[in-house]
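Encoded as structure tokens, the structure appears first; notes follow it.
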Amino acid sequence: MLKRICGLGWEVYQALPLDEKITYLMQPDGTPFHTLFAQQFGLDLLTRLATLTNEIRAISKSKNGTEFLRSLLAHKRAMLYFSQPSSRTFLSFLSACQILGMPSGEVRDMATSSEFKGESREDSVRTFSSYFDLIIMRTQEKGLAEQMAWVLSNSDRPIPIINAGSGQDQHPTQALLDIYTLLRSFERTGGLRDKTIVFCGDLLRGRTVRSLSNLLLNYPNIRQIFVAPQPLQVGADIQMMLKERNIQFELTDHFHRAIPQADAVYMTRIQDEWDATKGESARIDTSRFTFGADELALLPKDAVILHPLPRRDEIDTVVDSDPRAMYWRQMRNGMWIRTALIAATFRCEHQVHAYYRN
């Protein structure tokens with residue numbers, strides 16, 4: 001049984017240290033019930049999910065395997081509740097549900113839901129839980145996915161919530177696909193250890209950067225370099241986390257000095273949707289934080305380039321044809337590891353292992 005949050009008021013639960021919160025979110029086998037934070041994923045769980053993802057990919061290559069996967073969760077239903085715009089995250093989760101045979105519903109425009117009439121988020125989520133067995137939730141409101149998980153955990157139908165992006169804070173499943181892409185990229189060069197990861201762009205407001213920086217703590221001797229104009233440099237909380245864990249990191253605005261050191265460059269776009277005032281981001285000079293032909297010439301031959309997408313002008317299309325550009329493969333990896341996460345959430349891991357072995 002999942003350790004229930006019953007008896008804890010929201011304010012009491014919210015005030016708990018993150019490590020203690022996480023104990024309420026995990027199943028006895030170590031997989032998440034609610035997936036809310038990147039910090040829920042330790043090395044053992046990341047390894048399990050990567051293995052499960054590889055097996056699902058292999059199984060899906062045959063007709064019989066595809067039919068097996070489709071039978072796993074045909075008795076479950078998923079709601080994709082995306083109140084913040086999305087294409088890649090939405091479609092990859094939708095595809096993951098289809099791979100596992102899960103019928104799905106969606107709410108993407110609040111004008112078409114009862115929230116337009118004034119219904120509370122709590123009542124909307126309770127309504128979804130009456131019809132569905134999983135809620136995949138994306139919102140621009142920080143902490144909302146966590147609060148809705150608390151609501152459902154205290155209801156008579158506590159179904160899982162997967163955080164598909166919550167405010168500027170967390171995007172745990174993006175970090176999962178980023179880690180999985182790095183693991184596959186470094187299979188022939190010593191694995192994900194003793195590597196330097198260079199983050200570049202809007203690091204202050206990029207929730208993908210925050211989540212990936214956390215997950216990288218699970219791997220030995222990973223150095224992190226944060227390249228950004230000063231107003232967009234990574235937040236003090238991430239810096240404190242790295243200091244407390246004695247992780248090597250560097251803050252700089254010299255992109256060309258960082259590139260030759262990189263085993264992976266993680267590019268991000270300017271997150272101007274979070275501007276406090278219109279045009280705030282446009283006043284920051286970001287011209288030195290782009291990747292094109294000159295930057296390719298500086299990049300080591302075994303390094304890789306990642307981007308959570310969508311992109312604007314921070315990666316020139318000339319980079320797309322370079323074998324080190326992994327962002328399209330990275331995007332497809334998202335579908336597969338999200339499939340594995342959903343399968344693990346519903347305790348299908350052993351069935352997949354057994355089919356793969358046989």
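Being a predicted model, the structure only gives us computed values, none of them experimental.
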Inset, instruction - Check side chain to side chain donor-acceptor pair (under 3.5 Å) between Asn218 and all other residues, then give those that pass, not counting sequence neighbours. - result: none
Inset, instruction - Look at Glu55 together with Arg357 and state whether they make a salt bridge at an N to O cut-off of under 4.0 Å. - result: no
Legend entry - Pairing of Asp237 and Arg210 as salt bridge, 4.0 angstrom limit: yes
Legend entry - Check: Pro103 main-chain N/O paired with Arg77 side-chain donor or acceptor under 3.5 Å: no
Inset, instruction - Look only at the side chain of Ser211 and the backbone of His171, and say whether a donor-acceptor pair between them is shorter than 3.5 Å. - result: yes
Inset, instruction - Report the relative orientation of the aromatic rings in His307 and Tyr327; use parallel for angles under 30°, tilted for 30 to 60°, perpendicular for over 60°. - result: perpendicular
Legend entry - Lys NZ or Arg CZ of Lys195 over Phe186 ring: under 6.0 Å, within 45°: yes
Inset, instruction - Without swapping roles, check the side chain of Gln27 against the backbone of Pro32 for a donor-acceptor pair under 3.5 Å. - result: yes
Inset, instruction - Nearest 0.5 Å please: distance from the CG atom of Leu341 over to the CG atom of Leu177. - result: 11.0 Å
Inset, instruction - Could you tell me whether the side chain of His34 and the main chain of Ile161 form a donor-acceptor pair under 3.5 Å? - result: yes
Inset, instruction - Consider only side-chain N and O atoms of Gln147 and Arg121, and report whether a donor and an acceptor are under 3.5 Å apart. - result: no
Inset, instruction - Would you indicate whether Arg257, at its atom CZ, is surrounded by more than 12 heavy atoms from other residues, nucleotides or ligands within a distance under 6.0 Å? - result: no
Legend entry - Spacing of CD1 belonging to Ile259 relative to CD belonging to Gln261, to within rounding of 0.5 Å: 10.5 Å
Inset, instruction - Would you give the length of the straight line joining atom CD1 of Ile159 to atom OG of Ser153, rounded to the nearest 0.5 angstrom? - result: 10.5 Å
Inset, instruction - May I have the step-by-step check of side-chain contact (heavy atoms from CB on, under 4.5 Å) for Tyr81 and Thr139, ending in yes or no? - result: CA-CA 8 Å; Tyr81 178 35; Thr139 172; over 6 Å; no
Inset, instruction - Look at the side chain of Glu295 and the backbone N and O of Gly292, then say whether any donor-acceptor pair between them is shorter than 3.5 Å. - result: yes
Legend entry - Donor-acceptor under 3.5 Å (Asn163 side chain, Thr35 main chain): no
Legend entry - Verdict with reasoning, Asp320 to Trp328, per side-chain contact (heavy atoms from CB on, under 4.5 Å): CA-CA 9 Å; Asp320 292 356; Trp328 299 113; 4.0 Å; yes
Legend entry - Donor on one side chain, acceptor on other, Thr31 and Asp29, under 3.5 Å: yes
Inset, instruction - Establish, for the pair Arg338 and Phe93, whether the NZ or CZ atom is under 6.0 angstrom from the six-membered ring centre and no further than 45 degrees off its axis. - result: yes
Inset, instruction - Report, as yes or no, whether the 6.0 Å neighbourhood of atom OH on Tyr356 holds more than 12 heavy atoms from other residues, nucleotides or ligands. - result: no
Inset, instruction - Classify the ring geometry between Phe226 and Phe199 as parallel (under 30°), tilted (30 to 60°) or perpendicular (over 60°). - result: parallel
Legend entry - Pair Arg126 + Glu122: basic N to acidic O under 4.0 Å: no
Inset, instruction - Using modelled atom types only, decide if a donor and an acceptor are shared between the side chain of Arg138 and the backbone of Thr89 within a distance under 3.5 Å. - result: no
Inset, instruction - Consider only side-chain N and O atoms of Gln224 and Ser213, and report whether a donor and an acceptor are under 3.5 Å apart. - result: yes
Inset, instruction - Take Arg329 and Thr181 through the side-chain contact (heavy atoms from CB on, under 4.5 Å) test and state the conclusion after the steps. - result: CA-CA 8 Å; Arg329 193 172 301 177; Thr181 302; 5.7 Å; no
Legend entry - Salt bridge Arg157-Asp133, side-chain N to carboxylate O under 4.0 Å: yes
Inset, instruction - Please answer whether the main-chain N or O of Phe255 pairs with a side-chain N or O of Arg288 as donor and acceptor at a distance below 3.5 Å. - result: no
Legend entry - Donor-acceptor under 3.5 Å (Thr66 side chain, Ser60 main chain): yes
Legend entry - Atom of Ala96, atom of Met335 and distance for their closest heavy-atom approach: CB-O, 3.9 Å
Legend entry - Arg188 atom CZ: more than 12 heavy-atom contacts under 6.0 Å: no
Legend entry - Side chains of Arg48 and Leu52 in contact at under 4.5 Å (non-hydrogen atoms): no
Inset, instruction - Go through Gln39 and Gln170 one step at a time and tell me if the side-chain hydrogen bond (donor to acceptor under 3.5 Å, both in side chains) criterion holds. - result: CA-CA 10 Å; Gln39 291 91 332; Gln170 286 270 353; 2.9 Å; yes
Inset, instruction - Look at the aromatic rings of Trp10 and Tyr13 and report parallel, tilted or perpendicular, splitting at 30° and 60°. - result: tilted
Inset, instruction - For Arg57 and Asn333, test the side chains for any donor-to-acceptor distance below 3.5 angstrom and give the result as yes or no. - result: yes
Inset, instruction - Determine yes or no for a side-chain-to-main-chain donor-acceptor pair under 3.5 angstrom, with Thr268 supplying the side chain and Cys200 the backbone. - result: yes
